[in-house]
J.: 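I have a structure here, written as structure tokens, and I will follow up with some questions on it.
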Amino acid sequence: MNALEYDRSHVWHPYASLKDPPPVRLAAGAEGVEIVLADGRRLVDAVSSWWCVAHGHNHPAIVSAIRKQCGSLCHVMFGGFTHAPAVELAERLASIAPPGMDKVFFADSGSISVEVAVKMAIQYQQAKGRPSRGKMVALKGGYHGDTACAMALSDPDGMHVLFRGMMPRHHFVSKPDWAFDSARCAGDVPPASFAEWEEELERLVDAHEGEIAGMICEPVFQAANAMNFYRPEYLDAMRRVCDAHDLVLVFDEIAAGFHRTGPLWAHSRAGAAPDVMCVGKALTGGHITLAATIASSAVADVISRGDVGAFMHGPTYMANPLACAAANASLELFSNGDYAAKVARIEGELREGLAPLAAIPNVKGVRVLGAAGVVEVERLPKRADIDRVIDETGVWLRPFANFVYAMPPLVTDSATVRRIADAVARVAALPPGPECHGDFHE
Ligand SMILES: Cc1ncc(COP(=O)(O)O)c(C=O)c1O
């Protein structure tokens with residue numbers, strides 16, 4: 001049995017069945033913006049391997065940092081030990097996080113960093129003598145990960161409905177519908193729906209204040225459940241309500257952070273800063289898993305002064321030195337690379353390439369923000385047709401739900417962005433398939 005045959009019958013892939021699973025390709029290497037297949041073919045990674053490969057695959061600086069770290073310390077438990085890569089990374093994160101956010105908890109994945117953020121909100125309220133405050137407010141259309149607590153904060157009618165029975169019930173406000181378009185915003189008058197949304201949020205929190213610990217959202221870009229770009233004004237409204245009720249405001253920057261939407265942090269377009277922020281994905285440039293939950297000193301102080309004092313979380317691989325070394329190299333690249341300008345260029349090119357697709361009958365809408373271009377279709381084409389376009393164009397796309405999208409590495413050159421836009425256009429122009437073919441997430 002060759003590798004692909006064994007894989008097909010024994011290895012689960014994300015959101016896939018083992019009975020007649022969708023085909024997978026055998027990756028043998030990767031370089032720059034391309035994935036190299038075992039048969040030598042190359043595919044442009046137009047989804048940055050689920051949005052994390054910001055600087056390109058196998059970036060020499062990141063690979064060399066991991067190699068160097070291997071020579072001294074691959075892992076040590078973080079209970080009772082610390083190490084230089086973790087301390088350096090905490091300092092780096094504190095220096096780029098909003099002012100006053102300088103307490104860092106390292107987590108092994110984005111989902112775990114969200115769980116940690118929620119635990120911080122709950123321990124904050126407990127330390128303030130409010131043990132009944134154990135729920136969060138989240139946004140419909142959101143996505144925060146696949147672990148239990150993160151699922152419970154994601155769109156209640158989205159991809160996790162199957163697990164409703166075991167999930168804690170949080171409170172949800174409507175999906176933000178005042179769309180954000182960086183090309184035209186100044187002078188916009190808020191639609192009536194925005195004032196209604198603010199009222200809905202206030203009413204909800206007024207009615208349930210005694211049980212709410214905090215609020216969480218993906219700032220400006222609701223990614224894996226909705227591909228929705230929304231106005232930063234919503235973040236200011238959330239900040240105002242959190243301040244009025246002493247709630248912990250969590251911004252999940254896992255998808256939107258590190259310049260994906262333009263600025264380093266998506267939320268920096270608003271006046272509002274969070275109390276707790278989750279980062280992941282591009283933190284290591286997509287080379288090894290690592291995330292972090294960054295808290296303000298104010299929140300950390302309250303937690304630390306509470307009856308328990310200790311913050312109650314501690315994964316085995318917390319602050320893995322190899323991952324921290326990769327992240328330090330990645331952050332060094334971000335600090336020297338003028339990524340805001342790179343992303344502004346990609347945004348213009350995606351806009352130019354995708355805008356004409358709005359005229360295709362199966363297309364419901366086209367939107368672009370930063371290095372993310374989304375074509376919303378009535379129904380996705382058949383999987384086999386999409387695969388054919390991928391093979392013919394040499395551009396790897398992973399449409400899901402009713403979205404054909406591109407989120408290329410932030411270092412993708414102009415000619416390659418054009419190739420990507422052409423491939424998206426070809427997929428969008430395919431005949432719609434019989435029904436949603438069950439792809440979820442990213
Ligand atoms: C906004 C957001 N939060 C959390 C997560 C979960 O991160 P991970 O897949 O690393 O657990 C994702 C993943 O797509 C995400 O987009």
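Here, residue 1 is the first one in the sequence, and each next residue gets the next number. Remember, it's a predicted structure, so these values are computed and weren't measured experimentally.
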J.: Any chance you could lay out the side chain to side chain contact (heavy atoms under 4.5 Å, CB included) test for V241 and M215, step after step, and finish with the verdict?
T.: CA-CA 9 Å; V241 174; M215 210 175 278; 4.0 Å; yes
J.: Will you find, in the side chains of S296 and D275, an N or O donor that is under 3.5 Å from an N or O acceptor?
T.: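 D275 and S296 do not have a side-chain donor-acceptor pair below 3.5 Å.
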J.: State whether the number of non-hydrogen atoms from other residues, nucleotides or ligands found under 6.0 Å of E200 atom CD is greater than 12.
T.: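 Yes.
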J.: Test side chain to side chain contact (heavy atoms under 4.5 Å, CB included) on S154 and M159 and set out the steps.
T.: CA-CA 9 Å; S154 303; M159 57 194 273; over 6 Å; no
J.: Do the charged groups of D387 and R25 touch, with an N to O distance under 4.0 Å?
T.: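 Yes, D387 and R25 are salt-bridged.
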J.: Parallel, tilted or perpendicular: which fits the ring planes of F334 and F258, with parallel below 30° and perpendicular above 60°?
T.: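 Rings of F334 and F258: parallel, as their planes differ by under 30°.
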J.: Start with the C-alpha distance between Y230 and F180, add both sets of side-chain angles, then the distance that settles ring pair (Phe, Tyr, Trp, His ring centres under 6.0 Å), and finish with yes or no.
T.: CA-CA 4 Å; Y230 65 91; F180 185 54; 8.9 Å; no
J.: What's the verdict on side chain to side chain contact (heavy atoms under 4.5 Å, CB included) for V24 and L4, showing C-alpha distance, side-chain angles and the deciding distance?
T.: CA-CA 8 Å; V24 294; L4 276 176; 3.9 Å; yes
J.: State plainly whether the residues E115 and K119 are in salt-bridge range, i.e. N to O under 4.0 Å.
T.: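 Here E115 does not pair with K119 in a salt bridge, since their nearest N and O are not under 4.0 Å apart.
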J.: Parallel under 30°, tilted from 30 to 60°, perpendicular over 60°: which one fits the rings of F251 and H267?
T.: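 Judged by the thresholds at 30° and 60°, the geometry between F251 and H267 is tilted.
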J.: Working to the nearest 0.5 Å, report the span between CG of L73 and CZ of F81.
T.: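 The CZ atom of F81 is 9.5 Å from CG of L73, to the nearest 0.5 Å.
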J.: To the nearest 0.5 Å, tell me how far K68 NZ sits from I66 CD1.
T.: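 Reported value, rounded in 0.5 Å steps: 13.0 Å.
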J.: Decide yes or no on side chain to side chain donor-acceptor pair (under 3.5 Å) for S193 and D177, but give the supporting numbers first.
T.: CA-CA 8 Å; S193 64; D177 69 355; 2.9 Å; yes
J.: Using a strict 4.0 Å threshold on nitrogen-to-oxygen distance, state whether D45 and R398 make a salt bridge.
T.: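 R398 and D45: not salt-bridged.
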J.: Taking atom CZ of R240 and atom CD of E202, what is their separation to the nearest 0.5 Å?
T.: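 Result: 5.0 Å between the selected atoms.
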J.: Should the pair R239-D243 be classified as a salt bridge under the 4.0 Å nitrogen-to-oxygen rule?
T.: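 Answer for the salt bridge query: yes.
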J.: Does the pair E253/R260 count as a salt bridge with the N-to-O cut at 4.0 Å?
T.: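 Looking at E253 and R260, the cut-off is not met.
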J.: Tell me yes or no: between the side chains of D301 and Y124, is some donor less than 3.5 Å from an acceptor?
T.: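 D301 vs Y124: no donor-acceptor pair found between side chains.
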J.: How long is the span from the NE2 atom in H171 to the CG atom in L139, to the nearest 0.5 Å?
T.: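 Those atoms lie 14.0 Å apart.
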J.: Between H59 and H55, how do the two ring planes meet: parallel, tilted or perpendicular, split at 30° and 60°?
T.: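 Perpendicular: the ring planes of H59 and H55 meet at over 60°.
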J.: To the closest 0.5 Å, what do you measure between CG (L249) and CE (M277)?
T.: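 The distance works out to 12.0 Å.
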J.: Quick test of your reading of the model: are R388 and D385 salt-bridged, counting only N-O distances below 4.0 Å?
T.: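 Between D385 and R388 there is a salt bridge, with a charged N closer than 4.0 Å to a carboxylate O.
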J.: Could you tell me whether D188 and R231 make a salt bridge, using a distance below 4.0 angstrom between a side-chain N and a carboxylate O?
T.: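 So D188 pairs with R231 through a salt bridge.
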J.: Would H160 and D155 count as having a side-chain donor-acceptor pair, cut-off 3.5 Å?
T.: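 Per modelled atom types, H160 and D155 side chains form no pair under 3.5 Å.
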J.: Applying ring-ring contact (aromatic ring centres under 6.0 Å, His included), can you list everything that pairs with W197, at least two apart in sequence or on another chain?
T.: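 ring-ring contact (aromatic ring centres under 6.0 Å, His included) list for W197, sorted by chain: Y234.
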J.: Please round to the nearest 0.5 Å and tell me the distance separating atom CG of N228 and atom CH2 of W178.
T.: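 One finds 13.5 Å between CG of N228 and CH2 of W178.
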J.: Should K135 and H170 be marked as a side chain to side chain donor-acceptor pair (under 3.5 Å) after you check the CA-CA gap, both sets of side-chain angles, and the distance that decides it?
T.: CA-CA 5 Å; K135 289 185 189 287; H170 296 287; 5.9 Å; no
J.: Just by distance, no angles: are the side chains of D102 and S297 close enough, under 3.5 Å, to form a donor-acceptor pair?
T.: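 Yes.
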J.: For residues 83-92, which residue pairs pass the salt bridge (Lys or Arg N to Asp or Glu O under 4.0 Å) check, not counting sequence neighbours?
T.: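 Listed by first then second residue: E88-R92, R92-E332.
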J.: Is there a side chain to side chain contact (heavy atoms under 4.5 Å, CB included) between V375 and I360? Walk through the geometry before answering.
T.: CA-CA 10 Å; V375 180; I360 297 173; over 6 Å; no
J.: Fit a plane to each ring of F78 and F106, take the angle between them on a 0 to 90° scale, and name the class: parallel (under 30°), tilted (30 to 60°) or perpendicular (over 60°).
T.: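 Perpendicular: the ring planes of F78 and F106 meet at over 60°.
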J.: If you measure only the distance, is there a donor-acceptor pair under 3.5 Å linking the side chains of D146 and Y143?
T.: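 Per modelled atom types, D146 and Y143 side chains form a pair under 3.5 Å.
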J.: Is Y317 atom OH crowded by more than 12 heavy atoms from other residues, nucleotides or ligands, each under 6.0 Å away?
T.: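 No, OH of Y317 has 12 or fewer neighbouring heavy atoms, counting only those of other groups under 6.0 Å.
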